Enquirer: 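Quick one: the structure is below, questions incoming.
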Amino acid sequence: MEIFAGTAGWSYADWYGPFYPKKKEKNFSELEFYSKFFDIVEVNSTFYRLFPPSAAEKWLADVEKNPRFVFIVKLFKEFTHGKRRRDEEFVKNREIFLEFLSPLIEHRKLGGILVQFSEYYGESSTAREYISLLLDEFHDYPLFFELRHTSWYTERPKEFFHQNEINVAVIDQPQLEGMVGFETEVLGKIAYVRLHGRNSEMWQLGRENLRQGKEGDKPDRNARYNYIYNNSELDEIEAKLLSVRDKCSRMYLILNNHPLGKAVVNALQLVSRLRGGEEVKAPDTVIRFFPELAEITKSTNVSQPGDLFGE
């Protein structure tokens with residue numbers, strides 16, 4: 001099983017120090033730095049707005065020194081959290097989104113499209129029809145569906161997934177009412193795994209604010225992802241993922257517990273474990289903040305300016 005591991009997003013202010021060099025040099029590229037240590041990234045900004053192809057071209061230039069690097073692009077939110085029907089706006093958004101993807105496709109750097117639905121989006125005949133519509137509209141591209149609600153994990157929807165060869169993302173998230181656990185049975189031939197952390201307290205607080213009509217600011221929303229997996233939890237995740245290695249030809253593993261670079265730490269730990277304890281490359285910045293990584297990593301000095309890709 002070919003394994004790609006990385007994080008959800010790469011541009012976070014609180015990664016300077018724990019991951020990126022604390023002092024930002026002129027013309028410093030976060031994505032180029034990131035691509036020195038990881039082979040995949042999940043692009044989350046595309047969920048919030050539509051981008052022109054020039055953005056994809058810039059990202060391609062940033063990762064050109066890593067020939068193995070691939071992008072997972074999150075589908076624009078109007079497809080998953082909007083009206084959820086094919087109308088004039090749907091067609092227009094689809095055209096803009098696919099035009100943006102064209103440079104990634106041309107250079108064979110698109111790993112797939114993440115279709116993320118809300119934790120409140122439950123299974124129904126209408127929901128299944130809409131997923132079928134998305135499969136038709138984006139049939140030329142690998143799609144990964146993140147379906148967080150427990151109603152999707154009963155026999156009827158599982159049969160629907162199987163019949164339509166749908167890649168359903170495996171999710172690790174807090175076990176709150178209606179939220180599915182780590183369900184590997186639904187994995188397709190290409191496995192997509194998203195780990196959100198298990199910060200139940202902050203996730204529940206966000207739910208309560210939503211029920212009261214309060215929409216927290218960005219720091220409040222990000223607090224739910226402030227979590228680091230301990231060794232016991234990593235043991236559990238590793239065992240479950242290795243149990244499907246004969247079923248899947250490729251695995252995309254994405255960590256979304258991003259505050260203070262914690263996603264970086266757990267991504268490095270898991271890729272080392274899944275590759276049989278292989279030593280992985282890491283910047284000395286993250287090892288200083290998380291010294292437990294020293295045992296599994298080969299440190300790269302990033303304190304001096306210069307070409308990170310020079311050995």
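Keep in mind that the numbers below use all heavy atoms, side chains included, and drop hydrogens, waters and symmetry copies. Remember, predicted model here, so these are calculated numbers, not experimental data.
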Enquirer: Assess the residue pair I171 and Y192 against the criterion (side chain to side chain contact (heavy atoms under 4.5 Å, CB included)); give the C-alpha distance rounded to whole Å, side-chain angles, the decisive distance to 0.1 Å, and a yes or no.
Expert: CA-CA 9 Å; I171 313 158; Y192 198 86; over 6 Å; no
Enquirer: With side chains defined as the heavy atoms from C-beta onward, is the minimum distance between I72 and F4 less than 4.5 Å?
Expert: no
Enquirer: List the atom of F33, the atom of P283, and the distance in Å for their closest heavy-atom pair.
Expert: CZ-CB, 3.9 Å
Enquirer: Is P142 close to I113 at the side-chain level, that is, under 4.5 Å between some pair of heavy atoms?
Expert: no
Enquirer: Just so I know, are the side chains of V264 and F37 near enough to count as touching, which here means a heavy-atom distance under 4.5 Å?
Expert: no
Enquirer: Please determine whether side chain to side chain contact (heavy atoms under 4.5 Å, CB included) holds for the pair V115 and T80, giving the CA-CA distance in whole Å, both sets of side-chain angles, and the decisive distance to 0.1 Å.
Expert: CA-CA 7 Å; V115 185; T80 54; 3.6 Å; yes
Enquirer: State the OG1-CG distance between T184 and L242, to the nearest 0.5 angstrom.
Expert: 11.5 Å
Enquirer: Name each donor-acceptor pair under 3.5 Å that joins a side chain in residues 267-274 to protein atoms two or more places apart or in another chain, with its distance.
Expert:
unit_1	atom_1	unit_2	atom_2	d
Q269	OE1	N266	ND2	2.8
S272	OG	E278	O	2.8
R273	NH1	D235	OD1	2.7
R273	NH1	E238	OE1	2.7
R273	NH2	D235	OD1	3.1

Enquirer: Look only at the side chain of N199 and the backbone of A223, and say whether a donor-acceptor pair between them is shorter than 3.5 Å.
Expert: yes
Enquirer: Under 4.0 Å between a side-chain nitrogen and a carboxylate oxygen: does that hold for E123 and R156?
Expert: yes
Enquirer: Apart from F47 itself, what residues make up its hydrophobic cluster when side-chain heavy atoms of I, L, V, M, F, W and Y under 4.5 Å apart count as a link, directly or indirectly?
Expert: Y48
Enquirer: Return the orientation label for the F100 and F97 ring planes: parallel under 30°, perpendicular over 60°, tilted otherwise.
Expert: tilted
Enquirer: Considering residues, nucleotides and ligands other than H81, do more than 12 of their heavy atoms fall under 6.0 Å from its NE2?
Expert: yes
Enquirer: In Å and rounded to the nearest 0.5 Å, what is the OG to CG distance from S232 to L234?
Expert: 8.5 Å
Enquirer: For N167 and L143, which heavy atoms make the closest approach, and how far apart are they?
Expert: CB-O, 3.4 Å
Enquirer: What is the distance from atom OG of S11 to atom CG of N44, rounded to the nearest 0.5 Å?
Expert: 11.5 Å
Enquirer: Would you mind reporting whether Y229 and I237 have side-chain heavy atoms less than 4.5 Å apart?
Expert: yes
Enquirer: Would you mind reporting whether F145 and I166 have side-chain heavy atoms less than 4.5 Å apart?
Expert: yes
Enquirer: Between atom CD1 of I287 and atom OG1 of T300, what is the distance when rounded to the nearest 0.5 Å?
Expert: 7.5 Å
Enquirer: Considering only heavy atoms from C-beta outward, does the side chain of I296 approach that of E279 to under 4.5 Å?
Expert: no
Enquirer: Within a radius of less than 6.0 Å around CD of E159, do more than 12 heavy atoms belonging to other residues, nucleotides or ligands occur?
Expert: yes
Enquirer: Give a yes or no on whether the backbone of S151 and the side-chain of H149 come within a donor-acceptor separation of less than 3.5 Å.
Expert: yes
Enquirer: Could you walk me through whether V286 and L293 pass the side chain to side chain contact (heavy atoms under 4.5 Å, CB included) test, one step at a time?
Expert: CA-CA 8 Å; V286 75; L293 288 177; 4.0 Å; yes
Enquirer: Quick one: do F79 and F138 satisfy ring pair (Phe, Tyr, Trp, His ring centres under 6.0 Å)? Show the steps, please.
Expert: CA-CA 12 Å; F79 291 104; F138 296 94; 5.6 Å; yes
Enquirer: Can a donor-acceptor pair be found, under 3.5 Å and without considering hydrogens, that links the side chain of K158 to the backbone of V186?
Expert: no
Enquirer: Give the cluster check for L255 versus V41: same hydrophobic cluster or not, with ILVMFWY residues linked at side-chain heavy-atom distances below 4.5 Å.
Expert: yes
Enquirer: With respect to K262, which candidate in N226, T7, N257 satisfies the side chain to side chain donor-acceptor pair (under 3.5 Å) definition?
Expert: N226
Enquirer: Could you tell me whether a side-chain N or O of W59 sits under 3.5 Å from a main-chain N or O of V43, the two making a donor and an acceptor?
Expert: no
Enquirer: Side-chain heavy atoms under 4.5 angstrom apart, residues restricted to Ile, Leu, Val, Met, Phe, Trp, Tyr: same cluster for V265 and L195?
Expert: yes
Enquirer: Taking the six-membered ring for Trp and the single ring otherwise, decide whether the centroids of Y34 and Y20 are under 6.0 Å apart.
Expert: no
Enquirer: Can you name the closest pair of heavy atoms from A8 and N256 and give their distance?
Expert: CB-OD1, 3.2 Å
Enquirer: Any ion pair linking E88 and K92 (charged N to carboxylate O, less than 4.0 Å)?
Expert: no
Enquirer: Looking at E183 and R148, does any basic side-chain N land under 4.0 Å from a carboxylate oxygen?
Expert: no
Enquirer: Does atom CD (E201) have a neighbourhood of more than 12 heavy atoms from anything else shown, all under 6.0 Å?
Expert: no
Enquirer: Please answer whether the main-chain N or O of V63 pairs with a side-chain N or O of S35 as donor and acceptor at a distance below 3.5 Å.
Expert: no
Enquirer: Please work out which of the three classes, parallel, tilted or perpendicular, describes the rings of F90 and Y130, given edges at 30° and 60°.
Expert: perpendicular
Enquirer: What residue among K74, Q116, R194 forms side chain to side chain donor-acceptor pair (under 3.5 Å) with E42?
Expert: R194
Enquirer: According to the interplanar angle, ranging from 0 to 90°, do the rings of H196 and W203 count as parallel (below 30°), tilted (30 to 60°) or perpendicular (above 60°)?
Expert: perpendicular
Enquirer: Y227 and Y225: aromatic ring centres closer than 6.0 Å?
Expert: no
Enquirer: I'd like to know if E177 and R207 make a salt bridge, using a cut-off of under 4.0 Å between side-chain N and carboxylate O.
Expert: no
Enquirer: Measure from the side-chain N and O atoms of Q175 to the backbone N and O of V180, and report whether any donor-acceptor pair falls under 3.5 Å.
Expert: yes
Enquirer: Keeping the roles fixed (side chain from D62, backbone from L31), state whether a donor-acceptor pair exists under 3.5 Å.
Expert: no
Enquirer: Charged N to carboxylate O below 4.0 Å: is that the case for E2 and R245?
Expert: no
Enquirer: If you define the side chain from C-beta out and look only at heavy atoms, does anything of D39 sit under 4.5 Å from V70?
Expert: no
Enquirer: Is R250 positioned over the aromatic face of Y252, cation under 6.0 angstrom from the ring centre and no more than 45 degrees off axis?
Expert: no
Enquirer: L147 versus Y153: any side-chain heavy-atom pair under 4.5 Å?
Expert: yes
Enquirer: Are the side chain of T297 and the backbone of S299 linked by a donor-acceptor contact shorter than 3.5 Å?
Expert: no
Enquirer: So, the side chain of K58 versus the backbone of P53: is there a donor-acceptor pair under 3.5 Å, distance only?
Expert: no
Enquirer: Roughly how far apart are L114 CG and T46 OG1, rounded to 0.5 Å?
Expert: 8.5 Å
Enquirer: Which distance, rounded to the nearest 0.5 Å, do you find between the SG of C248 and the CG of L187?
Expert: 5.0 Å
Enquirer: Quick one: sort the Y12 and W15 rings into parallel, tilted or perpendicular, breaks at 30° and 60°.
Expert: tilted
Enquirer: Can Q173 and R198 be said to form a side chain to side chain contact (heavy atoms under 4.5 Å, CB included), step by step?
Expert: CA-CA 5 Å; Q173 59 185 356; R198 300 176 179 179; over 6 Å; no
